[in-house]
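Presented below is the structure to which this report refers.
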Amino acid sequence: MSWSLCGIELRTPLVTASGPLGWGKEFFEIFSTRGLGLFIPKTVTLNPKRGNSPPRIEETIGGLINSIGLENEGVYEWLRLEPFYRSLNIPVMASITGSTLDEISKLGEIIDRLDYIVGIELNLSCPNVKGENWSNNPKSIFEATSALRNVYNKIIFVKLAPKDDPLLYIKPAIDGGADGLTLFNTFPAYQSINGGLSGPVIKPIYVRLLKEIVDKVKVPIMASGGVFSTSDVLEYLNLGASAVQIGTAFFKDPDIAEIIYSDLKDLFNLRK
Amino acid sequence: MPKIYNGEIIENIPVGELFLVTVSIGESISIEPGQFFLIRIDREDVILRRAFSIFDVDEDRLSFLYRVVGRGTKWLSERRIGYSLNIFGPLGNGFSISQGRFLLIGGGSGMAPLYYLGKRLRGDVKFLLGAQTGNFWGKELLSRYASIGDIEVVTEDGSLGKKGLVTEYIDTNYDRVYACGPIEMLKNIRIDIPTEISLESKIACGFGACRGCVIENKYGEYKRVCKDGPVFNLKEIF
Ligand SMILES: Cc1cc2nc3c(=O)[nH]c(=O)nc-3n(C[C@H](O)[C@H](O)[C@H](O)COP(=O)(O)OP(=O)(O)OC[C@H]3O[C@@H](n4cnc5c(N)ncnc54)[C@H](O)[C@@H]3O)c2cc1C
Ligand SMILES: Cc1cc2nc3c(=O)[nH]c(=O)nc-3n(C[C@H](O)[C@H](O)[C@H](O)COP(=O)(O)O)c2cc1C
Ligand code: FES
């Protein structure tokens with residue numbers, strides 16, 4: 001079995017969703033890469049970000065709201081992880097965002113020089129300087145994607161927010177030069193804290209949105225949202241996703257990728 | 001290194017208003033007092049594992065002392081002997097272990113980590129335990145604590161021991177103080193002896209990656225309860 005994402009060879013279709021596992025160091029000290037095809041660290045920004053004030057997580061029935069607020073130490077700290085990323089036996093794709101086009105270009109230029117990073121996932125589902133999400137506005141999506149495309153030569157995936165009429169937001173990402181799409185980031189929600197909802201509750205919404213667009217979009221899609229089991233992975237793959245991201249499920253089962261992959265191996269062997 | 005274990009329940013019984021669950025993990029591992037495990041709640045509508053401090057360790061047997069406060073702990077209290085609990089740990093930084101005279105303050109279920117701590121400390125151990133009423137503990141639990149140190153209890157309604165709050169009865173004749181309990185209790189420990197406290201927060205990953213569990217210390221820095229803690233120096237927090 002081998003999978004390909006815009007020419008990147010993946011040994012499995014399972015990808016870590018950016019965020020829950022941080023930049024990876026703590027996780028891979030305890031767990032191996034078994035089951036995983038690609039690692040995407042938590043979104044990196046140009047400058048360190050303090051993140052939102054606590055409490056930052058709240059559990060709902062069948063879901064989780066988080067408001068981490070992109071806490072991270074900034075790209076220069078992240079660059080120090082080079083030896084660690086080189087030591088992983090799976091490809092690593094960076095996740096970035098910025099609050100201005102200039103920040104996005106700067107990050108693109110820095111990461112363009114890194115031979116150990118196979119591509120960039122541009123996380124547009126978080127606020128820009130005006131306090132709006134890039135992905136709420138088709139024009140902003142186009143501008144942000146183009147800004148990165150102008151400086152970055154390898155693979156770009158654009159990660160969008162779940163919104164009605166998805167093509168309205170997908171088209172400007174592709175026109176701006178995206179090679180693929182990650183669909184979707186968390187769903188805005190409130191239960192004692194404001195934040196993004198993830199987990200099994202969002203999956204039916206995301207499946208509906210994907211169904212609307214898979215036949216109309218030519219570029220590869222990484223599906224994200226509510227993947228907790230082998231059947232969730234199969235559902236997204238059968239819909240047409242090229243790879244499937246797992247996020248919140250790592251909190252319930254840190255070895256979820258391994259568990260799902262061993263099921264997938266059995267299934268695909270049977271079919272051969 | 002933390003690991004995922006299948007812990008077969010060999011006992012899960014009420015003790016006073018708390019529950020005590022003991023699982024056998026089939027191997028004996030090294031655990032520091034104050035470290036915690038994340039127990040998976042096997043319900044599809046529950047996402048996060050629940051955190052419990054280690055109460056006691058006996059060869060391959062681990063015990064947790066817990067209070068039923070919501071759907072996760074309720075589910076746990078309904079598991080029967082033989083059920084295989086999926087547990088992940090040990091996680092976090094534990095209490096420091098040394099020799100001397102120690103005061104161990106436990107408010108409510110905050111008493112849980114103090115038992116194993118008391119067993120591991122070398123020297124004189126005194127427990128100062130507080131609860132709303134005397135029924136909270138149950139006789140057996142108190143005598144278990146009493147078997148490893150002096151014990152003084154304080155209840156808000158005065159039904160057992162002294163009446164009031166534990167923080168009104170702290171004397172300072174010790175080398176080190178350890179405390180676990182409600183945040184209001186911890187805030188009211190105003191002493192000049194080195195004091196270590198165990199904090200709580202909602203835990204997601206449990207190993208320091210997601211930044212979901214942070215609390216703000218007195219310098220305005222965010223600290224991860226699961227990785228920088230759960231045990232902190234009191235002076236660093238308040
Ligand atoms: C490091 C650590 C060690 C702990 N050790 C113990 C222990 O030894 N014994 C024990 O009884 N409990 C312990 N706790 C608290 C325990 O994790 C919570 O009581 C449990 O998660 C509640 O789950 P639930 O599903 O029953 O409640 P929920 O339905 O999730 O919540 C019910 C109520 O409890 C509150 N609550 C939920 N989670 C926490 C939390 N982590 N801290 C404080 N309040 C919370 C909620 O706000 C709500 O009011 C510990 C927590 C941490 C972080
Ligand atoms: C704690 C947490 C932190 C997250 N941080 C990020 C992030 O930094 N960047 C990003 O693009 N997505 C982030 N996400 C969103 C996930 O990558 C994922 O798209 C979303 O949670 C839906 O998938 P899931 O249901 O499998 O978690 C985060 C999600 C969670 C739960
Ligand atoms: S729970 Fe993830 S960092 Fe503490």
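Each chain gets a letter, A, B and so on, in the order the sequences are listed, and its residues count up from 1.
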Practice item. Please state whether the side chain, the backbone, both or neither of A/Pro20 comes within less than 4.5 Å of a heavy atom of chain B. Key: backbone
Check your understanding: Should A/Asn52 and B/Tyr222 be marked as a side chain to side chain contact (heavy atoms under 4.5 Å, CB included) after you check the CA-CA gap, both sets of side-chain angles, and the distance that decides it?
Key -> CA-CA 10 Å; A/Asn52 294 338; B/Tyr222 289 150; over 6 Å; no
Review point. If every non-hydrogen atom of B/Cys210 is compared with every non-hydrogen atom of A/Phe251, which pair is closest and at what distance?
Key: CB-CZ, 3.8 Å
Review point. Would the number of heavy atoms belonging to other residues, nucleotides or ligands and lying under 6.0 Å from CG of B/Asp192 be above 12?
Key: no
Check your understanding: Is chain A contacted by the side chain of B/Arg43, its backbone, both, or neither, given a heavy-atom distance below 4.5 Å?
Key -> backbone
**Study point:** Flag if over 12 foreign heavy atoms under 6.0 Å of CZ, A/Arg34
**Key:** no
Check your understanding: Non-hydrogen atoms of chain B under 4.5 Å away: do they reach the side chain of A/Asp253, the backbone, both or neither?
Key -> both
Check your understanding: Which one of A/Lys42, A/Glu71, A/Arg50 has the most heavy-atom pairs closer than 4.5 Å to chain B?
Key -> A/Arg50
Review point. Can you name the residues of residues 48-67 of chain B that have some heavy atom under 4.5 Å away from a heavy atom in chain A?
Key: B/Leu48, B/Arg49, B/Arg50
Point to revise | Test log, rule side chain to side chain contact (heavy atoms under 4.5 Å, CB included), inputs A/Phe27 and B/Cys205 | key: CA-CA 9 Å; A/Phe27 179 75; B/Cys205 72; over 6 Å; no
Review point. Got a sec: does the NZ of B/Lys235 have more than 12 other heavy atoms crowding it under 6.0 Å?
Key: yes
Exercise for review: Determine whether A/Ile30 and B/Phe88 make a side-chain contact, defined as any pair of heavy atoms from C-beta on separated by less than 4.5 Å.
Suggested key: yes
Study note, to complete from the structure: Within residues 56-63 of chain A, the residues sitting under 4.5 Å from chain B by heavy atom, in sequence order, are A/Arg56, A/Ile57, A/Glu58, A/Glu59, A/Thr60, A/Ile61, A/Gly62, A/Gly63
Check your understanding: Are there more than 12 heavy atoms of other residues, nucleotides or ligands under 6.0 Å from atom OH of A/Tyr76?
Key -> no
Study note, to complete from the structure: Here the gap from B/Ile47 atom CD1 to A/Ile65 atom CD1, rounded to the nearest 0.5 Å, amounts to 11.5 Å
Practice item. Apply the test salt bridge (charged side-chain N to carboxylate O under 4.0 Å, His left out) to residues A/Lys252 and B/Glu44: give CA-CA distance (whole Å), side-chain angles for both, the deciding distance (0.1 Å), then the verdict. Key: CA-CA 10 Å; A/Lys252 188 155 192 173; B/Glu44 285 189 334; over 6 Å; no
Revision key, fill the gap. Residue set satisfying side chain to side chain donor-acceptor pair (under 3.5 Å) with A/Glu73, at least two apart, ordered chain then number -> B/Arg211
Review point. Taking everything shown except A/Lys163 itself, do over 12 heavy atoms lie less than 6.0 Å from its NZ?
Key: yes
**Study point:** chain B interface, residue from A/Pro54, A/Gly22, A/Gly199, A/Gly51 that has the most non-hydrogen pairs under 4.5 Å
**Key:** A/Pro54
Study note, to complete from the structure: Per-residue tally against chain B (heavy atom, under 4.5 Å) across A/Pro55, A/Ala249, A/Ser53, A/Pro200 peaks at A/Ser53
Practice item. Please indicate whether B/Glu156 has more than 12 foreign heavy atoms, meaning atoms of other residues, nucleotides or ligands, lying under 6.0 Å from its CD. Key: yes
Practice item. Would you please indicate yes or no on a ring centroid separation below 6.0 angstrom for B/Phe207 and A/Phe250? Key: no
Check your understanding: B/Ala204, B/Gly208, B/Gly206: which one forms the most heavy-atom pairs within less than 4.5 Å of chain A?
Key -> B/Ala204
Practice item. With sequence neighbours excluded, tell me which residues meet side chain to side chain contact (heavy atoms under 4.5 Å, CB included) with A/Thr186. Key: A/Asn66, A/Ser198
Study note, to complete from the structure: Under 4.5 Å to a heavy atom of chain A? For B/Leu38 that would be neither
